[in-house]
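Notes follow the structure.
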Amino acid sequence: MKAFNDLADFSAEEIKALVALADRLDAHPEPDALKGKVLSLLFLSPSLRTLASFQAAMTRLGGGSFVISPDMSIHGLETRPGIVMDGTAAEHIREAVPVIASYGDAIGIRAFAERKNIDSDLAETEFSALTDLIDTPYINMESAMNHPCQSLADWKTLDDLEVPANDGKFVLSWAYHPKALPLAVPATTLHMAAMRGMDVTVLRPEGFELPDALMQKAAAAAETSGGSIRETDDRAEAMQDANVIYAKSWSSTRHYGDRLADQKLREGFLDWCVDESWFGNALEDCRFMHCLPVRRGVVVADEILDGPRSVVIPEARNRMLAQMAVLHQMLGGGS
Ligand code: CP
């Protein structure tokens, strides 16, 4: 495996094999599988789970890792192309990224969306500019429109919960958040659930529709898997017979890159905080998923996070197991 960038680069059978490998590595640890291997981790955006789970994954497989991020005592990093570097930044990513990559056998890169221009973010302009600098195998640790490690872990979580793949009903719901957040998680979650064969409903207020390109990508995956995609702002209709609700906030696509207009629009939807009243039409054992971090009392009520519906902790642990599977395949772990 030369890159783990997008679940769409793999067949459903290949994803199922990765999930099976993650299960196997959990049940039967392989502490020497990646002995002597090194993973470089470049975080241009903040993290808790991804930062910790990749290092834990490499250690559990017998390899090592190192982290570089701008808030460490490194030289200031310049990212703009073609710039005369007469300001505070002492090092350009055109040197820094290949150097960091050269110390490892693979590199993980996180660079959130710039969120200025939707077309540029949909085209993954910034992330491609980074991966174009290296020949090393790489893992997307979250870019503008992708978070494949989260989606692989979420696929495994759905399997662990025995949520039906075909005929399972998955609701991806927008939730209120005071800030305009990236589209990577909703984009990748929508595609993952469609690829798994589920009937997916995107529940969102007007102005927060997901871009056509993302809906079409998911629709193509659903066509192959036997799943379906639809979009609504009707909460009761969306939650009818739902197996899972996956909550996430994201930027207004109507006002993408316009922080003030986005803020004004989202302030009309303060009541989009998932609480028990949302589950009236859902299946009795309908589960709550979220990639974390999550704002309590804003995105979701404590009664849900602390109650039996929530699977956010095992979901987060699955990040480590899913990434162990990816690293095992990418770096040639034993049998
Ligand atoms: N879900 C996720 O990627 O978490 P972090 O941003 O903490 O890595």
Side-chain angles (χ1 to χ4, degrees), residues 19 150-151 153-177 181 183 185-210 214-215 218-219 221-222 225-250 266 268-318:
V19 171
Q150 183 66 51
S151 282
D154 290 339
W155 186 307
K156 173 167 158 45
T157 304
L158 291 166
D159 285 2
D160 292 347
L161 294 169
E162 299 182 356
V163 174
N166 290 102
D167 300 329
K169 186 154 180 213
F170 187 97
V171 178
L172 170 64
S173 180
W174 186 88
Y176 176 75
H177 190 287
L181 298 181
L183 293 173
V185 170
T188 202
T189 303
L190 169 66
H191 178 264
M192 176 279 298
M195 189 177 178
R196 192 173 176 270
M198 304 187 76
D199 294 324
V200 187
T201 301
V202 181
L203 171 62
R204 83 295 172 270
E206 297 286 325
F208 292 86
E209 299 82 358
L210 290 177
L214 299 179
M215 294 300 285
S225 68
S228 65
I229 301 291
R230 69 194 184 99
E231 201 172 8
T232 181
D233 62 356
D234 185 326
R235 192 176 300 167
E237 180 198 322
M239 289 297 290
Q240 184 74 46
D241 300 326
N243 295 84
V244 172
I245 177 170
Y246 194 116
K248 186 72 185 81
S249 196
W250 60 82
R266 71 179 49 238
F269 304 116
L270 284 162
D271 62 329
W272 283 64
C273 173
V274 180
D275 63 19
E276 190 56 38
S277 72
W278 285 45
F279 291 83
N281 291 339
L283 295 184
E284 198 179 337
D285 63 350
C286 180
R287 302 305 184 111
F288 175 85
M289 294 178 71
H290 191 286
C291 63
L292 303 181
V294 70
R295 290 193 182 222
R296 284 176 172 258
V298 175
V299 169
V300 57
D302 286 4
E303 64 180 353
I304 301 300
L305 270 182
D306 297 332
R309 295 193 186 282
S310 175
V311 296
V312 298
I313 304 302
E315 182 184 359
R317 180 173 183 271
N318 277 337

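Here the structure is a predicted model, which means the values were calculated and not measured. Computed over heavy atoms, backbone and side chain alike; hydrogens, waters and symmetry mates excluded.
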For Glu209, does its backbone N or O pair with a side-chain atom of Trp250 as donor and acceptor, under 3.5 Å? no
May I have the step-by-step check of side-chain contact (heavy atoms from CB on, under 4.5 Å) for Val163 and Phe170, ending in yes or no? CA-CA 9 Å; Val163 174; Phe170 187 97; over 6 Å; no
Considering only heavy atoms from C-beta outward, does the side chain of Leu161 approach that of Asn243 to under 4.5 Å? no
Looking only at heavy atoms, the pair that brings Leu210 and Pro186 closest together is CD2-CB, 4.2 Å
Is there side-chain contact between Leu305 and Val294, with at least one heavy-atom pair below 4.5 Å? yes
Quick check for you: to the nearest 0.5 Å, what is the distance between Glu276 atom CD and Phe288 atom CZ? 12.0 Å
Test item: Arg266 side-chain N/O and His177 main-chain N/O as donor-acceptor pair under 3.5 Å: yes
Report the distance from atom CD1 of Ile229 to atom CG of Leu190, rounding to the nearest 0.5 Å. 4.5 Å
Identify which one of Ile245, Val299, Thr201 satisfies the side chain to side chain contact (heavy atoms under 4.5 Å, CB included) criterion when paired with Ser173. Ile245
Between Asp154 and Arg196, does any side-chain N to carboxylate O distance fall below 4.0 Å? no
Using a 6.0 Å cut-off, check whether atom CG of Asp275 has over 12 heavy atoms from anything other than its own residue. yes
side-chain contact (heavy atoms from CB on, under 4.5 Å) between Arg204 and Asp233: does it pass, once the steps are laid out? CA-CA 5 Å; Arg204 83 295 172 270; Asp233 62 356; 3.8 Å; yes
Answer yes or no: is there a donor N or O on one side and an acceptor on the other, between the side chain of Ser310 and the main chain of Asp306, under 3.5 Å? no
Which pair of non-hydrogen atoms, one from Asp271 and one from Gly268, has the smallest distance, and what is that distance? OD1-O, 4.4 Å
Between the side chain of Thr188 and the main-chain N/O of Ser151, is any donor-acceptor distance below 3.5 Å? no
So, do Pro314 and Asp160 sit near enough that their side-chain heavy atoms are less than 4.5 Å apart? no
Please report the shortest heavy-atom distance between Ala222 and Ser228, naming the atom on each side. CB-N, 3.8 Å
Output for pair (Leu172 CG, Met289 CE), nearest 0.5 Å, gives 11.0 Å
Between the side chain of Arg309 and the main-chain N/O of Cys286, is any donor-acceptor distance below 3.5 Å? yes
If you take all heavy atoms of Ala247 and Val274, which pair is closest and at what distance? CB-CG2, 4.0 Å
Report the C-alpha separation of Trp278 and Leu203 in whole Å, then their side-chain angles, then the decisive distance to 0.1 Å, and conclude whether the side-chain contact (heavy atoms from CB on, under 4.5 Å) test is met. CA-CA 12 Å; Trp278 285 45; Leu203 171 62; 4.1 Å; yes
For Trp272, does the six-membered ring have the charged nitrogen or CZ of Arg235 within the cation-pi criterion, i.e. under 6.0 angstrom from the centroid and within 45° of the normal? yes
Side chain Lys169, main chain Met239, donor-acceptor under 3.5 Å: no
I'd like to know if the side chain of Asn318 reaches the main chain of Trp155, judged simply by a donor and an acceptor atom lying under 3.5 Å from each other, with no hydrogens or angles considered. no
Heavy-atom closest pair, residues Ala194 and Ser225: O-OG, 2.6 Å
The single option from His290, Glu315, Arg287 passing side chain to side chain contact (heavy atoms under 4.5 Å, CB included) against Tyr246: Glu315
When you compare the side chain of Met198 with that of Leu158, does any pair of heavy atoms fall below 4.5 Å? yes
Under 3.5 Å side-chain donor-acceptor pair for Asp234 and Thr232: no
Taking the side chain as every heavy atom from C-beta outward, state whether Tyr176 and Val298 have any pair of such atoms under 4.5 Å apart. yes
Shortest non-hydrogen contact from Ser249 toward Leu181: O-CB, 3.9 Å
